[in-house]
Amino acid sequence: MEASGGVVGTGHDDEAERKHTLVPTSQQLLPLVTEGQLFAQSESVLHVGTHALVVPVSGLAVPESTTGVVPASGSVSGSSLVEVAQAAATAREKRRTRAGLACCMASEVYAGDWVGATSTELFFADVWSVFRAMSGPMKRLRQGYLFLRDRPFAIVLLLGALAFLPALSAPYLLDDYLQASMVRGTYPVPRNPLDLYNFINAADRGVLLDRGMLPWWSHPDLTIRFLRPLPSALLWLDHRLLGTHVFSLHLHSFAWWAAATFAAALLFREVFSRRVAGFATVVFGLAPCHVVPLAWLANREALVSLTFGFLALLAHVRFRARPSPGRALLSAAAFALAFTGGEYTLGFAGYVVAMEVWGGKSRALGTRALSAAPFAIPAIVYLAIRSALGCGAAGSGFYSDPIRDPVAYLQTAPRRLFTLLIEAWCSLDADTLTSDTPAWLLTLMGGALLFAMFRGKKHIASTLDEPTRGHATWLFWGSLLSLPPVLAVVPSPRLLGASMLGVAALSALVIDRAWFAVAEDPDPRRRAFLGYAALALAFGHWVHAPVTSWLLGRKFRTSAENFGANAELLREKMQDPRSAQVVVVRGIGGAFFLPFALTPDGTPPKRWRMLSQAGHVLALREDAQTLLLLAPKNRSLFPGGHGNLFRNERDTIPAGATFDLPGIHVTVVDVNDAGPQRVRFVFDEPLESQTWLVEEYRGFRLTEPPEPGFGLPFPVE
């Protein structure tokens with residue numbers, strides 16, 4: 001055979017066949033490829049009609065943006081190959097290329113989208129392409145697979161629907177009952193559509209205490225009020241429009257999760273390659289930190305803040321790359337929208353600071369401060385409004401506001417920081433590391449994790465080009481600096497949304513470098529370290545994380561279902577809960593929300609009194625109207641520290657302290673290091689005129705007070 005123009009002739013002189021010989025040679029293909037995955041074979045035979053093009057591909061590389069590679073035994077049609085070359089040339093001229101070589105499967109070519117577009121356009125086109133491919137008959141399943149393989153957002157959307165399904169099917173949980181009561185107008189004090197996160201403030205604290213919504217030991221300055229206008233308005237509309245269709249409300253939350261994941265994917269695509277961005281999107285989207293905001297409607301504000309926060313960071317990255325007043329205004333507007341979601345947005349300060357300090361070439365301090373203004377100005381306005389309205393937390397052990405109570409905040413910050421770091425990088429739930437975890441073990445685990453993080457960052461940085469290294473650095477530091485604002489509350493994966501942006505990015509980089517660029521690294525120890533780290537991260541975030549999310553969602557659903565069933569059973573036994581005067585001898589946690597679950601419209605009983613919150617109490621009845629409660633030795637009738645939502649640990653109650661509430665007089669008889677151990681309760685009416693409840697791990701049950709002169713234990717069962 002005679003070779004001509006890179007084509008091996010076969011003896012056919014037909015003019016139609018000669019048209020198919022207009023294919024690029026290996027020299028013409030070479031400019032179309034960039035750094036990426038090397039071909040394994042030394043050459044590939046590309047069949048063009050009845051002609052064959054022998055293309056030596058040894059040393060050629062495939063760009064990361066390609067939809068696939070030509071296999072050693074693969075073949076493509078001549079017309080497809082010509083279209084590939086022409087489209088790639090056009091895209092290269094426009095400098096907006098996504099081009100690469102065509103991928104083939106079963107002798108058919110499914111070329112990717114070659115014409116460049118913005119990130120938003122590409123993602124919408126990707127999602128549409130997936131659904132279009134998957135909606136055809138069975139013969140198009142292979143094509144759907146090819147479309148789906150390179151579209152991580154669609155993959156995360158499908159996997160997320162499965163992993164978070166238990167959370168999405170949960171009934172009301174905790175504060176959901178309170179907010180439903182606020183919307184219906186049955187809460188003891190009125191609330192407007194923008195104020196559903198105003199649980200306790202100075203103006204109505206006395207009313208809640210008199211009705212019994214707050215226990216007798218509540219701090220006199222107790223405040224739990226958050227400035228979250230947008231999530232509040234959305235919940236108000238949900239309850240007004242959808243009523244009791246709780247699953248529809250969860251679908252609304254799921255839409256915000258999808259929006260937050262989509263925004264994170266856009267940001268990843270802006271700063272990393274397509275493959276790394278895909279890996280990071282999967283890590284972020286399936287993280288257990290999303291379970292609580294999806295299962296707990298009241299925590300939807302986390303997803304709202306994340307959505308606008310990620311879009312604001314994307315606008316800020318573009319603003320720093322090419323500064324202009326328009327880009328600065330866009331970034332500021334996006335951050336302002338994020339702050340309408342609440343204080344979770346303060347975590348993005350860590351990324352903005354990290355971007356200015358570690359995100360690029362050194363600049364003057366004044367220039368850096370000006371560059372941070374799109375975040376700083378909305379943050380200052382938000383904090384000013386928050387302060388003017390009296391929002392925040394005070395007097396609580398569960399919350400420690402760094403502005404109102406910096407001492408309590410700093411005392412609890414180190415332990416909470418280590419807990420959140422371990423939960424983020426290891427995809428743990430809130431039950432693995434608790435307040436009972438020894439401090440030495442937590443410190444050891446946190447120290448080892450920090451060592452691995454900094455060593456991994458050092459190894460990764462040396463293998464990246466300068467722009468990618470800069471983005472990886474500010475994302476790494478941002479993941480750490482985003483944590484201080486959320487250290488004001490008891491650690492939980494739900495607080496890790498902002499931090500997971502950097503965790504997902506760094507995890508994806510480690511996996512990508514270890515699996516796709518390990519041969520380029522001359523250091524064997526570094527290759528080994530990255531290999532083991534990539535294996536651990538891939539298992540932790542791609543296997544353990546979705547399983548944890550599913551199990552955690554199932555746990556919340558089961559707990560919420562049991563609570564609702566128990567409340568309905570009590571409603572039937574109490575006959576008329578609205579007019580009842582209820583006394584809870586011993587509660588655990590659910591007793592604070594039960595008053596709003598006893599009636600369909602959320603109307604609480606006429607009076608609600610909780611006497612203790614302990615694991616075990618002994619009730620001694622002294623006369624017809626007096627009851628003495630005793631806690632075990634070295635225990636208190638209510639928890640201390642972060643377990644006490646209504647009183648912080650530093651403001652202790654002394655022996656002899658008295659509390660006068662409607663219908664009851666409380667006297668603290670004896671205290672120990674843990675708090676009040678013996679407390680006397682004198683009621684205005686005989687004890688039998690009240691409805692008595694006790695909370696156990698399996699729910700609530702009706703009980704009776706002991707006879708005068710006798711005692712009755714109330715252990716947790």
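Sequence positions, counted from 1, serve as the residue numbers for this chain.
- Scanning both residues, Trp257 and Val156, for their nearest heavy atoms gives CH2-O, 3.5 Å.
- A ring-ring contact (aromatic ring centres under 6.0 Å, His included) with Phe375 is found for one member of Phe348, Phe335, Tyr382, Phe319 and no other, namely Phe335.
- Between the CG atom of Leu174 and the CZ atom of Phe592 there is a distance of 12.0 Å, given to the nearest 0.5 Å.
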Derivation of the ring pair (Phe, Tyr, Trp, His ring centres under 6.0 Å) call for Phe308 and Phe339: CA-CA 8 Å; Phe308 292 117; Phe339 274 112; over 10 Å; no
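- Side-chain atoms of Leu450 and Phe418, non-hydrogen and from C-beta on, do get closer than 4.5 Å to each other.
- Taking the six-membered ring for Trp and the full ring otherwise, Phe247 and His250 have centroids separated by 6.0 Å or more.
- Counting heavy atoms from C-beta outward, Glu301 and Phe226 have side chains that stay 4.5 Å or more apart.
- Within the 4.5 Å cutoff, the side chain of Val292 has no heavy atoms near those of the Leu173 side chain.
- The main-chain N or O of Ala597 is found under 3.5 Å from a side-chain atom of Arg571 such that the two form a donor-acceptor pair.
- Residues Leu196 and Pro193 share a closest heavy-atom pair of CG-O, 4.2 Å.
- In this structure, the side chain of Ser549 engages the main chain of Leu286 through a donor-acceptor pair within 3.5 Å.
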Could you go through His471 and Trp474, starting from their C-alpha distance and side-chain angles, then the distance that decides it, and tell me whether this counts as side-chain hydrogen bond (donor to acceptor under 3.5 Å, both in side chains)? CA-CA 5 Å; His471 292 309; Trp474 69 258; 3.1 Å; yes
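- Take Phe563 and apply the ring-ring contact (aromatic ring centres under 6.0 Å, His included) test, not counting sequence neighbours, and it matches Tyr177.
- Nearest heavy-atom pair, Gly350 versus Leu481, reported as atom, atom and distance to 0.1 Å: CA-CB, 3.5 Å.
- Between the side chain of Arg191 and the backbone N or O of Asn198, at least one donor-acceptor pair lies under 3.5 Å.
- Nearest approach of His245 to Leu242, heavy atoms of both residues: CD2-O, 2.9 Å.
- Checking each of Leu501, Val283, Leu314 against Phe268 for a side-chain contact (heavy atoms from CB on, under 4.5 Å) leaves exactly one that passes, namely Leu501.
- Taking all atoms of both residues into account, the shortest heavy-atom contact from Ala567 to Leu594 is CB-CD1, 3.8 Å.
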Going through the checks in order, is the side-chain contact (heavy atoms from CB on, under 4.5 Å) test met by Met355 and Val352? CA-CA 5 Å; Met355 202 180 300; Val352 175; 5.6 Å; no
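- Counting only heavy atoms from C-beta outward, the side chains of His316 and Tyr351 never approach each other to under 4.5 Å.
- Rounding to the nearest 0.5 angstrom, the gap separating the CG atom in Leu157 from the OG1 atom in Thr261 is 8.5 Å.
- Glu423 CD to Leu495 CG: the interatomic distance, rounded to the nearest 0.5 Å, is 8.5 Å.
- Side-chain contact between His252 and Leu241: absent, with no pair of heavy atoms (C-beta onward) separated by less than 4.5 Å.
- Side chain of Arg554 to main chain of Pro166: no donor-acceptor pair is present (N/O by atom type, distance under 3.5 Å, no hydrogens or angles).
- Taking all atoms of both residues into account, the shortest heavy-atom contact from Ala354 to Gly478 is CB-N, 3.7 Å.
- Although no hydrogens or angles enter the test, the distance criterion places no donor-acceptor pair under 3.5 Å between the side chain of Ser482 and the main chain of Gly347.
- The closest donor-acceptor contact from the side chain of Ser427 to the backbone of Ala545 lies at 3.5 Å or more, if one exists at all.
- Rounding to the nearest 0.5 angstrom, the gap separating the CG atom in Asp601 from the CZ atom in Phe596 is 11.5 Å.
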Ile224 vs Leu645, side-chain contact (heavy atoms from CB on, under 4.5 Å): CA-CA, chis, key distance, verdict: CA-CA 9 Å; Ile224 302 177; Leu645 178 64; 3.8 Å; yes
Tell me, with the steps shown, if Trp542 and Leu159 meet side-chain contact (heavy atoms from CB on, under 4.5 Å). CA-CA 11 Å; Trp542 291 348; Leu159 294 180; over 6 Å; no
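- Judged purely by atom type and a 3.5 angstrom limit, Thr419 has no side-chain atom pairing as donor or acceptor with the backbone of Pro491.
- Atoms CG and CD, on Asp195 and Gln179 in that order, are 10.5 Å from each other to the nearest 0.5 Å.
- No side-chain heavy atom of Leu509 sits under 4.5 Å from any side-chain heavy atom of Leu475.
- Looking at heavy atoms from C-beta onward, His541 lies out of side-chain contact with Ile511 at the 4.5 angstrom threshold.
- Contact check for Tyr197 versus Leu235: side-chain heavy atoms found under the 4.5 Å cut-off.
- Note: Phe310 and Phe284 meet the aromatic proximity criterion, with ring centroids under 6.0 Å apart.
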Would you check, one step at a time, whether the test side-chain hydrogen bond (donor to acceptor under 3.5 Å, both in side chains) holds for Asp429 with Thr432? CA-CA 6 Å; Asp429 56 24; Thr432 303; 2.8 Å; yes
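- Checked by atom type and distance alone, the side chain of Asn566 never pairs as donor or acceptor with a backbone atom of Asn562 at under 3.5 Å.
- Considering SG of Cys426 and CG of Leu433, their distance stands at 8.5 Å, rounded to 0.5 Å.
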Using side-chain hydrogen bond (donor to acceptor under 3.5 Å, both in side chains), reason through Tyr344 and Asn299 one step at a time and then give a plain yes or no. CA-CA 11 Å; Tyr344 278 84; Asn299 196 220; 3.2 Å; yes
Can you check side-chain contact (heavy atoms from CB on, under 4.5 Å) on Ile422 and Leu442, steps first, answer last? CA-CA 9 Å; Ile422 298 170; Leu442 197 62; 4.0 Å; yes
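- With hydrogens and angles disregarded, no donor-acceptor distance shorter than 3.5 Å links the side chain of Tyr697 to the backbone of Ile588.
- Counting only distance, with no hydrogens or angles, the side chain of Ser232 and the backbone of Arg228 share no donor-acceptor pair below 3.5 Å.
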